[in-house]
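Note that the coordinates shown come from a computational prediction; the quantities given were computed from them, not determined experimentally. Atoms considered below: every heavy atom in the structure, side chains included; atoms not considered: hydrogens, waters and symmetry mates. Here is the naming used below: chain letters follow the sequence lines, and residue numbers restart at 1 for every chain.
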Number of protein chains: 2
Amino acid sequence: MEDVAKAAGVSRTTVSFVLNNIPNSNIADATRERVLQVARELDYAPNTQALNLVTGRTMMIALVVRKTTHQMASDAFLGAVIEGIMQAIEPHGYHLMIHAAQPDGVNSTYRDLIRTRKADGLVISSPMVSDAEVRLLHDEGTPVVLQGASTMEGVASIDVDNEQGAYDAVRHLIELGHRRIGHISNAPFSYAASCERLNGYRKALAEAGIPFDRALVREGNFTAESGYEPMYALLDLEDRPTAVFIGSDEVALGALDAARQRGITAPDDLSVIGFDNLPVGRYLQPPLTTVHLPAFDLGREAGNMILALVRSEHLPRLKVSLPTRLILRGSTAPVPA
Amino acid sequence: MEDVAKAAGVSRTTVSFVLNNIPNSNIADATRERVLQVARELDYAPNTQALNLVTGRTMMIALVVRKTTHQMASDAFLGAVIEGIMQAIEPHGYHLMIHAAQPDGVNSTYRDLIRTRKADGLVISSPMVSDAEVRLLHDEGTPVVLQGASTMEGVASIDVDNEQGAYDAVRHLIELGHRRIGHISNAPFSYAASCERLNGYRKALAEAGIPFDRALVREGNFTAESGYEPMYALLDLEDRPTAVFIGSDEVALGALDAARQRGITAPDDLSVIGFDNLPVGRYLQPPLTTVHLPAFDLGREAGNMILALVRSEHLPRLKVSLPTRLILRGSTAPVPA
DNA sequence: CTGAAAGCGCTTACAG
DNA sequence: CTGAAAGCGCTTACAG
């Protein structure tokens, strides 16, 4: 900048004014032109670090991924979420950094991103029901958006309407005539999303006058592998279900394989409906009926929210809930006569 | 820091020395203890921006994803690659930022990340054969690692051994007795990886004395949808193949569906082998035989390489090639008698 | 309409 | 063993 000022024969102040297009700076057109010209010739680019130091901002948003290494590496939605966030923030000059924080990390470090001024705000992809560090961060006035859990008082959050999605899925099964409907969760019930999906399941049953049977509910744990045991257990029941609502396509993969091993195939012997709408679902045999999770929209909305927060703008709603959509394919059918 | 110095009754210099553990600074133990103590009490955290300004470094690595929005959102490996890079760089105090750059972007902007000092080095996930911006960056002395294409002279790069992987796949088919073997590429042949896999295919054929037949080679284009046409074309051939090597599991998904629509099922009527080893492959019916692509390792190695570059350390090898591994599952079988 | 100067929060020769 | 001071590259009152 020094160089530009010298070459253009003006002060650094003037250069700063024209380059930043400061209003009311009243720079003569000729001067302005000259500075712009020289800056171009010298291929001038401002030093972000210097700018950050004086403005006190970093123009960075951190996406904190609260997952184990394995969970993150096999997260089919990470790309969509990242893409969504970037599309929201980059047009406004913000960049995205990724930070991994183990879910069990007691001494996790993402608060340091703020303390050491590496980022202006955090999007926390946190499936955990509660998290003391988030609480602290929020109380300190840090811009924080929770993506995926909405149980924390006063903290901005975004999620899909899990209960409604589950309700729609189970209602679909009921309409096909099923009465004996099992449920395998996407994750342990210590996760908010699992609870909400269970609630949707129960609500649909209740509405149809079908009594809730605890024995029909089993826990999955994110992965396809975790789908085997629960499915075996369900199929081993005296009065086994004619349909199963599984809270995750991924878990459904394993569950379907388990059923197959027992010689039970969907949808003839058993109707199966998943959740998430993984891209691969339509290529399975039979194509998997599921509930669409709008991962990209989730990211974009999270981006919009954190953007509003870091810019101290008004946040229309503190908790937003995105709609799901039932995707009918081949893994569900009317209950066999 | 000012505050810490004041509270400890020392100068900022001293605080800086003890906090950064500067060797040969010869701080009295008592002073050191006092400073540490006060810093803890005041919950002091250094301002990264100020530090960056004086050191001239940002401690940031940018992952430049050269893909369309759609491609990125449906990239099953992005999480694994990111995780790999982070595991390599975070222990050394570096952070990762993500930057999207459209593959067709003439006036793409990732060079600005360096010009404006937002990052110290770039990992470019670039499938394109050549890229003028990378050339320029490299010539300017910027630390750059190409992930996925190795055609640029003098630029560090990492990739999987595509040719060997394809060779292994086709050789497996030949050993099963197939002689009429089709190929559907993962992407257009303007992409380096596609060419390399085609070379592996040709090499295996040549070695077995099977003449290369241009009619048996078709282009895929990343997505499952792009697998239909090529498969139809192959099946419509007079002398149709008994096996097909497909350069991508994703493309294989569509191709398999296309075959199924024609009443042709793997592996009885047609052996099919993919590439990538998507997690879902083992849950398909039949489970997909494929070539394992070590996405996490790719990321970690890219991380190690860029780390060496930004730290001006010696780079053992400028171009590294990671081995693949043939995964035998159910979609390939001996040629029908 | 433009410039001199202070300041953002650090590091690091240099002096004592 | 410790401190005063310059400097990193910017922005922004303030003065003229």
Nearest-0.5 Å distance that lies between atom [atom1] in [X] and atom [atom2] in [Y]:
X	Y	atom1	atom2	value
B:Ile124	B:Ile306	CD1	CD1	8.5 Å
A:Tyr110	A:His99	OH	NE2	9.0 Å
B:Arg57	B:Leu51	CZ	CG	8.0 Å
B:Phe296	A:Met72	CZ	CE	10.0 Å
A:Met60	A:Lys118	CE	NZ	11.0 Å
A:Ser125	A:Ile98	OG	CD1	10.0 Å

So if I take residues 47-54 of chain B and measure heavy-atom distances to DNA chain D, which residues fall below 4.0 Å? B:Leu53, B:Val54
May I ask you to list the residues of residues 29-38 of chain A, by number, that have any heavy atom positioned under 4.0 Å from an atom of DNA chain D? none
Do any pairs count as a salt bridge (Lys or Arg N to Asp or Glu O under 4.0 Å) and have a residue in residues 25-42 of chain B, sequence neighbours left out, and if so which ones? none
Pairs meeting criterion salt bridge (Lys or Arg N to Asp or Glu O under 4.0 Å) with involvement of residues 293-315 of chain B, two or more places apart: B:Asp297-B:Arg300, B:Arg311-B:Glu313
If the threshold is 4.0 Å, N to carboxylate O, is there a salt bridge linking A:Glu153 and A:Arg135? no
Under a 4.0 Å N-O cut-off, is there an ion pair linking B:Arg115 with A:Asp43? yes
Do A:Thr58 and A:Asp120 meet the criterion of a side-chain donor-acceptor pair at a distance under 3.5 Å? yes
Could you tell me whether the side chains of B:Thr14 and B:Ser11 share a donor-acceptor contact shorter than 3.5 Å? yes
Toss me the dot-bracket line for DNA chain D: Watson-Crick and G-U wobble, both under 3.5 Å, 5' to 3', using | for pairs to another strand and [ ] for crossers. |||.||||||||.|||
Whole angstroms only, please: what is the [atom1]-[atom2] distance between [X] and [N]?
X	N	atom1	atom2	answer
B:Asn20	C:dA13	CG	C1'	16 Å
B:Phe17	D:dC1	CZ	P	14 Å
B:Leu19	C:dG9	CG	C1'	13 Å
A:Arg57	D:dG9	CZ	P	21 Å
A:Glu2	C:dA4	CD	P	11 Å
A:Lys6	C:dA4	NZ	P	12 Å
B:Asp3	C:dG9	CG	C1'	11 Å
B:Leu42	C:dG9	CG	P	14 Å

Trace of the side chain to side chain contact (heavy atoms under 4.5 Å, CB included) decision for A:Asp3 with A:Lys6: CA-CA 5 Å; A:Asp3 298 342; A:Lys6 222 167 264 172; 5.5 Å; no
Hey, can you pull the residues of residues 8-16 of chain B with a non-hydrogen atom under 4.0 angstrom from DNA chain C? B:Arg12, B:Thr13, B:Ser16
Evaluate A:His95 against B:Leu113 for side chain to side chain contact (heavy atoms under 4.5 Å, CB included), listing each step before the verdict. CA-CA 10 Å; A:His95 289 268; B:Leu113 295 176; 3.7 Å; yes
Under-4.0 Å side-chain N/O to phosphate OP1/OP2 contact, A:Tyr44 with D:dG9: no
